[in-house]
Amino acid sequence: MALHQSKPGRKDDVFDLYARDLAEQPLPKFRMPDNSSLPDTVYNLIHDELLLDGNSRQNLATFCTTFIPPQAQKLMQDCLDKNMIDQDEYPQTAEIEHRCVHILADLWNAPDAKGTLGCSTTGSSEAAMLGGLALKWKWRKKREAEGKPADKPNLICGPVQICWHKFARYFDIELRELPVLAGELGMTAAQVAEAVDENTIGVVPTLGVTFTGIYEPVEEISKLLDQIEAERGLDIPIHVDAASGGFIAPFLHEEVVWDFRLPRVKSINASGHKYGLSPLGVGWAIWREPADLPEELIFNVDYLGGQVPTFALNFSRPAGEIVAQYYQFLRLGRQGYQDVQGACAQTAQYLARELEKTGHFEMLYDGDGGLPAVCYTLNKAENRGYTLYDVSERMRMRGWQIASYPMPANRHDMVVQRVMIRHGMGRDLMELLVEDMIRTMDFLERNPMTNVEAKASFHHGS
Ligand SMILES: *Cc1c(COP(=O)(O)O)cnc(C)c1O
């Protein structure tokens with residue numbers, strides 16, 4: 001039957017939805033269909049295709065929020081039609097964004113949290129670009145004022161998330177990504193000291209390294225930069241990529257000094273949609289003081305007769321994620337965040353202990369002192385007839401998605417697995433995961449893969 005041709009004598013919508021119009025053939029992939037279809041049919045067909053996606057709650061690779069309370073969902077729904085950039089039309093949404101900025105500035109110990117500048121973004125990537133741009137402009141202005149060349153900016157970091165590679169390429173900056181030394185899981189302060197020079201626009205330590213979950217030593221780096229300033233006159237600012245750690249350290253590791261308590265920390269980015277517990281689509285960039293954000297980068301938008309400064313790569317953007325962020329701040333409070341993140345950290349440490357007991361793994365990070373995550377490698381990997389990639393594949397049969405990947409740069413030979421523990425991942429679920437892991441390892445021990453080497457190199461290349 002041709003698309004949307006009524007069966008004789010009956011109306012289309014009396015047919016079962018799988019026995020009418022679009023449902024009777026594969027969905028169009030390259031060209032919009034000529035005719036309209038019934039909304040229920042289309043909804044169900046697309047809904048069905050989405051069944052092939054993995055189950056997000058079992059996705060242990062992502063840092064992003066997968067447990068969204070119904071009240072936050074409802075607020076998202078309330079805001080579906082609101083554009084957060086229209087501050088004139090939706091002044092209360094704009095007000096809520098400002099409240100979030102000040103709450104975060106306060107959480108990260110800004111000297112004057114009420115007077116801080118900051119903004120929401122689409123995520124940490126955009127926030128990192130904004131932080132990086134501010135560093136570049138500040139550095140260039142200083143160089144020009146001194147009559148020195150300002151055409152070779154560089155940025156120092158450890159094993160960073162891809163957004164910093166993008167920032168460097170898009171905005172013409174030399175990225176000096178320090179190699180991970182043997183026995184380390186991130187950059188060290190001593191490495192930073194060797195890498196900086198007069199063209200360094202800033203140092204970016206990561207609070208919660210993507211590959212391993214550890215915190216890079218912000219305070220130690222800051223102290224070394226103080227020393228470098230005293231000895232060589234180089235005043236080098238720090239931007240902290242606290243994509244995940246910005247919502248963990250203040251609640252679980254208050255003794256770790258990484259934020260605006262250090263005068264050298266001029267800006268911080270974090271992902272509201274990771275451990276900030278907001279749904280996908282929101283990040284934050286906060287500056288220590290207004291003077292740390294060059295005013296040339298700020299565009300002033302008219303807002304209820306006043307002027308509102310904005311600094312963003314995007315323009316139109318949904319408001320729901322920002323409102324849901326405020327909901328989580330109010331709903332949980334500091335105590336609630338501490339409880340949620342604390343439970344995640346406990347669960348991560350439980351998982352680390354259980355995996356270690358199997359005797360198959362060497363723990364690289366056991367969930368203590370950094371992000372609620374576990375990072376490990378296969379012990380005696382070269383003697384096994386299978387790789388961690390095979391473990392990932394076999395675990396997928398039970399719906400678990402566990403990332404296996406090579407470590408960056410000079411540790412590329414080492415393949416690791418990382419499990420992120422997030423809100424909504426209880427002890428019971430973890431016990432079931434451990435049982436599945438034990439079964440998987442037993443199976444692979446009894447049924448080694450053939451051609452392991454070819455397989456490993458295939459995965460490396462992809
Ligand atoms: C996730 C992450 C980013 C990128 O953040 P998005 O919110 O995904 O844009 C940047 N840095 C680190 C350390 C991250 O973990």
Side-chain angles (χ1 to χ4, degrees), residues 56 59-66 100 104 108 118-133 135 155-171 175 177-178 180 185-187 202-218 221 238-249 256 258-259 265 267-286 312-314 317-318 321-322 324-325 328 341 344 348 365 367 370-375 403 405 407-409 416 418-423:
S56 66
N59 177 0
L60 305 175
T62 186
F63 291 67
C64 292
T65 306
T66 48
C100 289
L104 287 172
W108 298 334
C119 55
S120 70
T121 60
T122 47
S124 273
S125 299
E126 188 188 2
M129 310 267 166
L130 302 182
L133 277 171
L135 292 179
L155 185 75
I156 314 281
C157 61
V160 276
Q161 210 265 354
I162 191 79
C163 70
W164 292 102
H165 292 262
K166 284 189 187 171
F167 167 69
R169 198 174 303 170
Y170 295 171
F171 298 104
L175 193 69
E177 189 177 19
L178 304 170
V180 181
L185 298 170
M187 70 172 162
V203 176
V204 177
T206 302
L207 205 73
V209 172
T210 317
F211 306 94
T212 53
I214 62 117
Y215 297 158
E216 287 182 327
V218 187
I221 291 168
I238 292 177
H239 170 97
V240 182
D241 180 351
S244 301
F247 287 103
I248 299 289
V256 178
W258 64 276
D259 55 14
V265 172
S267 48
I268 296 172
N269 71 268
S271 297
H273 57 214
K274 290 183 176 174
Y275 287 90
L277 307 178
S278 193
L280 269 165
V282 66
W284 300 97
I286 312 281
L313 300 182
N314 282 85
R317 186 146 59 81
E321 301 78 318
I322 298 165
Q325 180 76 82
Q328 290 289 36
Q341 318 297 35
C344 289
Y365 171 63
L371 302 184
V374 177
C375 179
Y405 52 90
M407 289 281 276
V416 301
R418 184 197 66 204
V419 173
M420 302 307 302
I421 305 294
R422 304 182 304 274
H423 190 200

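Residue numbers run from 1 in the order of the sequence given. Keep in mind that this is a model prediction, so the values were computed, not measured. Every number for a ligand or one of its atoms is a count from 1 in the order of the listing.
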At a 4.0 Å threshold, what atoms of ligand 1 neighbour a non-hydrogen atom of [X]?
{"X": "Cys163", "value": "10 (C)"}
{"X": "Ser271", "value": "5 (O), 6 (P), 7 (O)"}
{"X": "Ser125", "value": "4 (C), 5 (O), 6 (P), 9 (O)"}
{"X": "Thr206", "value": "13 (C)"}

Between the side chains of [X] and [Y], does any donor sit under 3.5 Å from an acceptor?
{"X": "Ser56", "Y": "Thr66", "value": "no"}
{"X": "Arg422", "Y": "Thr62", "value": "no"}
{"X": "Trp164", "Y": "Asp241", "value": "yes"}

### Query
Any N or O of Gln161 that comes nearer than 3.5 Å to an N or O of ligand 1?
no
### Query
Just by modelled atom types, is the Leu185 backbone N or O under 3.5 Å from a matching donor or acceptor in the Thr212 side chain?
yes
Hey, can you pull the donor-acceptor pairs under 3.5 Å for the side chains in residues 202-211, sequence neighbours left out?
none

### Query
How far does OH of Tyr365 sit from CG of Leu371, to the nearest 0.5 angstrom?
6.0 Å
### Query
Starting from atom 5 (O) of ligand 1, which protein heavy atom do you reach first, and at what distance in Å?
Ser124 CB, 3.0 Å
### Summary
The closest protein heavy-atom partner of atom 11 (N) of ligand 1 is Asp241 OD2, 2.6 Å
### Message
Counting only heavy atoms, tell me which of Lys166, Lys274, Met420, Glu126 gets closest to atom 1 (C) of ligand 1.
### Response
Lys274
### Heavy-atom proximity to atom 12 (C) of ligand 1, best of Gly246, Ala270, Gly276, Ala243
Ala243
### Query
For Pro217, which residues count as a side chain to side chain contact (heavy atoms under 4.5 Å, CB included) partner, sequence neighbours excluded?
Glu220, Ile221
